[in-house]
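First up is the structure itself, then whatever we jot down about it.
Values below: every heavy atom of this structure, side chains too, minus hydrogens, waters and symmetry copies. All residue numbers refer to positions in the sequence shown, counting from 1.
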Amino acid sequence: MDEIKSVSEYINFLDGLESLYPMQRYVVPSTFFRGQANKDWKLSPKLYREGMLEKEGIMIQEILHKYPEEFNTDRFNILAKLQHFGFPTRLLDVSANPLVALYFACSGKGELDNDGVVYIFPNIPASWSDDLLVSIVMDFIFEHTPQNLWLDKFVEEVTKRYSSCVGITIPDNSKSLLQILTIPEFAVIPKKQNTRLSAQDGAFFLFGMKQINSRISNNIGTYGRKYYDFGPIEFEDNTKLWHASKKIIIPSNSKQKILKQLDLMGINEQSLFPDIEHQLKYIWEKYK
């Protein structure tokens, strides 16, 4: 495990990373970074940390019902917008800019006495937000629940909805669809539809689920149907999320120095949070 105490040390470490560019039609090889102000925090989305997976779909439906104009966009970007507002989702923020991740590893006044961490995910396959597999996971989130999923019915819906797609293999059986729902995570490159995503060069890890249970119904009317239950995926360490990932520790006593260095490079609260609330806060803190 590496440790850095300045921006220059950090850049020197990054200089040793290898870049690979495999030619694939639907997958973009990308290197992403995530900074966390406390090295002991898990790599887990807020929805999973709060134990809210079972209520994911119903919460989203209430939001869409009450605020339709606020979320008038495609499904993945609805999820990204909810993440932007701090609502618990199964998305985990990452950035293509290593300095942005370093800033988040050092910021957070409540964590200045704790060591921070930067996770690096080099050359990870990343999908566009409108990729078929991402769209199928969105269909599940918005239309189904992790309990009592009738997978055969979901297969029918997916096959019908994407039948016109050309050059893409559509999952047409429960086994292939189950594999998609239980992929541990997708790295997803979103459309930059808000200023914060653009400023932070943001992307996401879209977390999948693990199968907990399956059963055959004996009830009248649903007799013989197979239902599935799912739960959140948890990673023991960063290498379980991506085998080539790396972890850099930021000592607590180096955080303030690094933040000052990043500020000189234009990486600060003012540049990363373009909304007026953070702009005013940055000016206040500078003069204080």
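- Between F71 and F85, the ring-plane angle classifies as perpendicular under the 30° and 60° cut-offs.
- Residue-environment remark: CD1 (I58) stays at or below the threshold of 12 foreign heavy atoms within 6.0 Å.
- Counting heavy-atom neighbours within 6.0 Å of K210 NZ, excluding the residue itself, gives a total of 12 or less.
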(request) For side-chain contact (heavy atoms from CB on, under 4.5 Å), just list the numbers for W242 and N238, CA-CA rounded to whole Å, side-chain angles, deciding distance to a tenth of an Å, and then say yes or no. (result) CA-CA 6 Å; W242 177 241; N238 51 292; over 6 Å; no
(message) Between V134 and W128, does the side-chain contact (heavy atoms from CB on, under 4.5 Å) criterion hold? Intermediate values first, please.
(response) CA-CA 8 Å; V134 176; W128 302 113; over 6 Å; no
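- Qualifying side-chain contact (heavy atoms from CB on, under 4.5 Å) partners for I4, counting only residues two or more places apart in sequence or in other chains: E9, Y10, L102, I248, I250, I258.
- Using bins of under 30°, 30° to 60° and over 60° for the plane-to-plane angle, the ring pair F273/F104 lands in the perpendicular bin.
- By the 30° and 60° cut-offs, the orientation of the rings of F204 relative to F76 is perpendicular.
- Put simply, OG on S30 and CD1 on I189 are 4.0 Å apart, with the number rounded to the nearest 0.5 Å.
- Every pair passing side-chain hydrogen bond (donor to acceptor under 3.5 Å, both in side chains) that includes a residue from residues 41-58 is listed here, sequence neighbours excluded: E56-R90.
- Of all heavy-atom pairs between D172 and S176, the closest is N-OG, 3.6 Å.
- Contact check for I11 versus S8: no side-chain heavy atoms found under the 4.5 Å cut-off.
- Across N97, V118, L259, a single residue satisfies side chain to side chain contact (heavy atoms under 4.5 Å, CB included) together with Y103, and that is L259.
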(request) Give the C-alpha distance, both sets of side-chain angles, the deciding distance and a yes or no for side-chain contact (heavy atoms from CB on, under 4.5 Å) between F13 and I120. (result) CA-CA 11 Å; F13 179 88; I120 304 175; 3.7 Å; yes
(request) Would you check, one step at a time, whether the test side-chain hydrogen bond (donor to acceptor under 3.5 Å, both in side chains) holds for T89 with Q83? (result) CA-CA 6 Å; T89 76; Q83 180 81 355; 2.6 Å; yes
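- Heavy atoms of other residues, nucleotides or ligands lying less than 6.0 angstrom from CD of E62 number 12 at most.
- L177 and I212 fall into different hydrophobic clusters, where Ile, Leu, Val, Met, Phe, Trp and Tyr side chains are chained together by heavy-atom contacts under 4.5 Å.
- The salt bridge (Lys or Arg N to Asp or Glu O under 4.0 Å) check on E70 picks up K81, with sequence neighbours excluded.
- Between the CD1 atom in I216 and the OH atom in Y227 there is a gap of 10.0 Å [rounded to 0.5 Å].
- Just one of F121, F33, F186 meets the ring pair (Phe, Tyr, Trp, His ring centres under 6.0 Å) condition when paired with F205; it is F121.
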